[in-house]
Each structure stands twice: as structure tokens, then as C-alpha cells.
Amino acid sequence: MKRKNYISLAISFLAIGLMTAGCKNVRVDKKQMAGTIEEPVPSDMMPDNVQQAMAKAMKFHSHELMNDTVNEVYVTSIDEMDETSTEGYGIQVTKGAMSTTFPNIHNTREPQVMYNAKTGDLWLTSSAIEGTGIRVEWLYQIRFGENELAYVKTEINPYGVQQELLQRLGYTIEGETIMLYDGNKLLATVTNTVKDMGGFDDEQPLWIGEQLYYDVSGGEPKVVFTPGVKFTTGLVLTYDDMPELSAPITIDENGMFTIYEIVVVGKQ
């Protein structure tokens with residue numbers, strides 16, 4: 001009996017060893033994505049002639065972005081000063097009877113705003129890079145000081161967020177199947193349906209950075225991004241089959257941000 005047990009045990013170990021070896025043979029190492037944003041995005045700055053017109057203006061023509069009557073916090077986008085266009089710059093924040101103007105914050109592409117009364121944070125998004133198929137945003141953390149005067153506590157540069165995500169994101173490609181990872185966690189498996197672009201680029205097929213924005217609707221911000229695919233033909237990234245991903249992001253008192261668990265939007 002003992003001999004039979006030893007033989008059975010040896011066979012079991014051999015089978016496990018063969019299975020493990022088989023798994024190692026088919027294992028594909030994850031590769032890192034690349035980033036389209038090559039360096040920190042310069043801070044926005046209202047043109048001098050527009051700033052001079054703003055200083056002399058008797059009246060602002062604005063439209064409402066947020067109206068929180070309970071907490072008496074209001075945010076508007078400044079469109080014109082008297083009859084002069086702001087050229088896409090200018091946000092005004094009001095708390096109670098005090099209004100603060102931020103002339104250097106971009107107001108194109110309809111910024112998103114949310115006030116969190118529990119933390120005292122006003123979260124504001126602003127377009128950082130624009131173009132066809134491109135959506136890249138700043139994230140502003142605004143707070144209120146003495147006499148309800150608003151000030152920018154922290155602004156998050158999209159380049160830093162991209163670089164942090166690149167440290168975590170990986171992918172594998174097998175045939176037309178793309179598998180996306182956050183570290184060792186599988187995020188999504190997608191099948192490429194684009195057939196007229198010559199196949200995946202050999203050098204670097206997956207990128208992030210062109211679609212990098214925020215959702216502040218819940219009172220705490222989430223970074224939202226979509227990886228793009230580069231093919232052998234064409235000069236633009238393609239997003240047809242790629243999932244939208246998101247992760248909560250927090251900012252500490254020193255202005256350092258932390259990105260938490262990444263998930264596919266709609267599958268939390």
C-alpha cells in the first residue's frame with residue numbers, strides 16, 4: 001500500500017509540474033503603454049490684451065456653470081467683458097456676497113463644477129489640450145478663505161496624472177485580442193474590429209493621454225481615461241473598441257495626488 005501511495009504521489013507531482021511548465025510556455029509578458037503628453041502642460045494664461053480689457057470692463061457677460069443655493073456657492077463662465085470676448089478665459093466663483101475672478105482658467109468646452117460642503121472643496125475641470133478627438137483637462141481644487149474669498153488650493157497637471165497611470169497600466173495582445181491590466185489585475189479584454197488600418201503598430205500600439213479628463217459629479221473627483229490604439233497606417237489613435245476607465249483621485253494638504261482602483265466605467 002505504501003509503495004502505491006508513493007507512486008500515486010509521484011505521478012501527481014509530475015502532472016502538476018507539466019501543467020506549470022505548460023502555463024509558463026504560453027505566458028505572455030505584459031508591456032507598458034506610452035503617453036502622448038511629452039511634458040508638463042504649461043499653465044493657462046489669459047492674453048494681455050484681454051486681461052487689460054477685463055480690468056477696465058464695467059460689466060461681465062457670463063453663463064451659469066453651477067448654482068448651489070443651499071451653500072450659497074455659484075460658479076459662472078465669463079464670455080464677454082462689455083463687448084470684448086474673453087477668448088475662452090475667465091471663471092467667476094461666488095460664495096455668499098463675495099465674488100472671486102480667475103482670469104487664467106480656461107472656460108471652453110463647458111467646465112464641470114461640484115461643491116463638496118463636507119470638505120469645503122470646490123472641484124473644477126478646465127480644458128488643457130484641445131483638438132479633434134482630444135479631451136485633456138486640468139483639475140482644480142478651490143477653497144474659500146477669509147471673507148469667503150476663493151483661491152486655488154491645488155491644480156493637477158494632466159502630464160503628472162498620465163505618468164502615474166503609465167506606471168500601473170500594462171497590456172498583452174494575442175491576435176486581435178487586447179487585454180488591459182492595472183498591475184496584475186485584469187481590467188478588460190477587448191477584440192479589435194478595425195480591419196482597414198494595416199494591423200497594430202509593431203513598436204508601440206497602445207497609448208494614453210489624448211483622452212484624460214475628470215468626473216466630479218459625485219462630489220469627489222474621478223480621473224477618466226481611454227487608451228488609444230495606434231495602427232501601422234494613419235497618424236491618429238483609434239478608440240473604437242477601447243473601454244473608458246476611471247479611478248478615484250484624492251489630493252492631500254501638500255497638493256500630492258493619489259489614484260486608487262482603476263475600473264471600467266459602468267462596471268463598478
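From a predicted model like this one, the values you see are computed outputs, not experimental measurements. Count residues from 1 along the sequence.
Salt-bridge check for K59 with D82: failed, with every basic side-chain N at 4.0 Å or more from each acidic carboxylate O.
For T94, the side chain to side chain donor-acceptor pair (under 3.5 Å) criterion is met by S99, not counting sequence neighbours. Under the side chain to side chain donor-acceptor pair (under 3.5 Å) criterion, T76 pairs with no residue at all, not counting sequence neighbours. Considering only residues two or more places apart in sequence or on other chains, T84 meets the side chain to side chain donor-acceptor pair (under 3.5 Å) condition with none of them. Partners of K31 according to the salt bridge (charged side-chain N to carboxylate O under 4.0 Å, His left out) rule, which considers only residues two or more places apart in sequence or in another chain, do not exist here. The salt bridge (charged side-chain N to carboxylate O under 4.0 Å, His left out) search around D215 returns none, not counting sequence neighbours. With sequence neighbours excluded, the residues satisfying side chain to side chain donor-acceptor pair (under 3.5 Å) with Y260 are T250. Residues satisfying the salt bridge (charged side-chain N to carboxylate O under 4.0 Å, His left out) test with D44, not counting sequence neighbours, are none. Looking at residues two or more places apart in sequence or on another chain, you find a salt bridge (charged side-chain N to carboxylate O under 4.0 Å, His left out) between E148 and K95.
To the nearest 0.5 angstrom, E72 atom CD is 10.5 Å from N67 atom CG. In this structure, CG on L206 lies 6.5 Å from CG on L180, to the nearest 0.5 angstrom.
Side-chain contact check for E130 and S127: at least one donor-acceptor pair (N or O, by modelled atom type) lies under 3.5 Å. Side-chain atoms of S217 and Q112 include no donor-acceptor pair closer than 3.5 Å. With no hydrogens or angles considered, no side-chain donor-acceptor pair links D240 and T238 at under 3.5 Å. For the residue pair Q92/S62, the side-chain donor-acceptor check at 3.5 Å is not satisfied. Between the side chains of T226 and Q211, not a single donor N or O lies within less than 3.5 Å of an accepting N or O.
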Next on the checklist: One pair to check against salt bridge (charged side-chain N to carboxylate O under 4.0 Å, His left out): K222 and E261. What are the steps and the verdict?
Outcome noted: CA-CA 10 Å; K222 292 182 179 180; E261 181 182 10; over 6 Å; no
Item to check | E87/H106 under side-chain hydrogen bond (donor to acceptor under 3.5 Å, both in side chains): CA gap, chis, key distance, verdict | outcome: CA-CA 9 Å; E87 298 185 16; H106 232 159; over 6 Å; no
Next on the checklist: Applying side-chain contact (heavy atoms from CB on, under 4.5 Å) to V113 and T125, what does each step give before you reach the verdict?
Outcome noted: CA-CA 7 Å; V113 195; T125 71; over 6 Å; no
Next on the checklist: Could you walk me through whether R135 and E137 satisfy the salt bridge (charged side-chain N to carboxylate O under 4.0 Å, His left out) test, starting with their C-alpha distance in whole Å, then the side-chain angles of each, then the deciding distance to 0.1 Å, before giving a yes or no?
Outcome noted: CA-CA 7 Å; R135 182 182 177 185; E137 292 181 342; 3.4 Å; yes
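M81 belongs to a hydrophobic cluster whose remaining members, ordered by chain and number, are M46, V50, M54, F60, I78, Y89; membership requires side-chain heavy atoms of ILVMFWY residues under 4.5 Å apart, directly or through intermediates.
Under the 3.5 Å distance criterion, the side-chain polar atoms of K56 are left unmatched by any main-chain donor or acceptor of Q51. Under a 3.5 Å cut-off, the side chain of D201 and the backbone N or O of K230 do not form any donor-acceptor pair. For D68 (side chain) and V70 (main-chain N/O), a donor-acceptor pair under 3.5 Å exists by modelled atom type. Checking side-chain atoms of N71 against main-chain N and O of A117 turns up no donor-acceptor pair under 3.5 Å.
Sorted by first and then second residue, the ring-ring contact (aromatic ring centres under 6.0 Å, His included) pairs with a member in residues 163-196 form an empty list; sequence neighbours excluded. Residue pairs meeting the ring-ring contact (aromatic ring centres under 6.0 Å, His included) criterion with at least one partner in residues 220-258, sequence neighbours excluded, are F200-F231. Under the side chain to side chain donor-acceptor pair (under 3.5 Å) criterion, the residue pairs touching residues 191-200 are E176-N192, T193-D241, with sequence neighbours excluded.
Surrounding CG of D48 are at most 12 heavy atoms belonging to other residues, nucleotides or ligands under 6.0 Å away.
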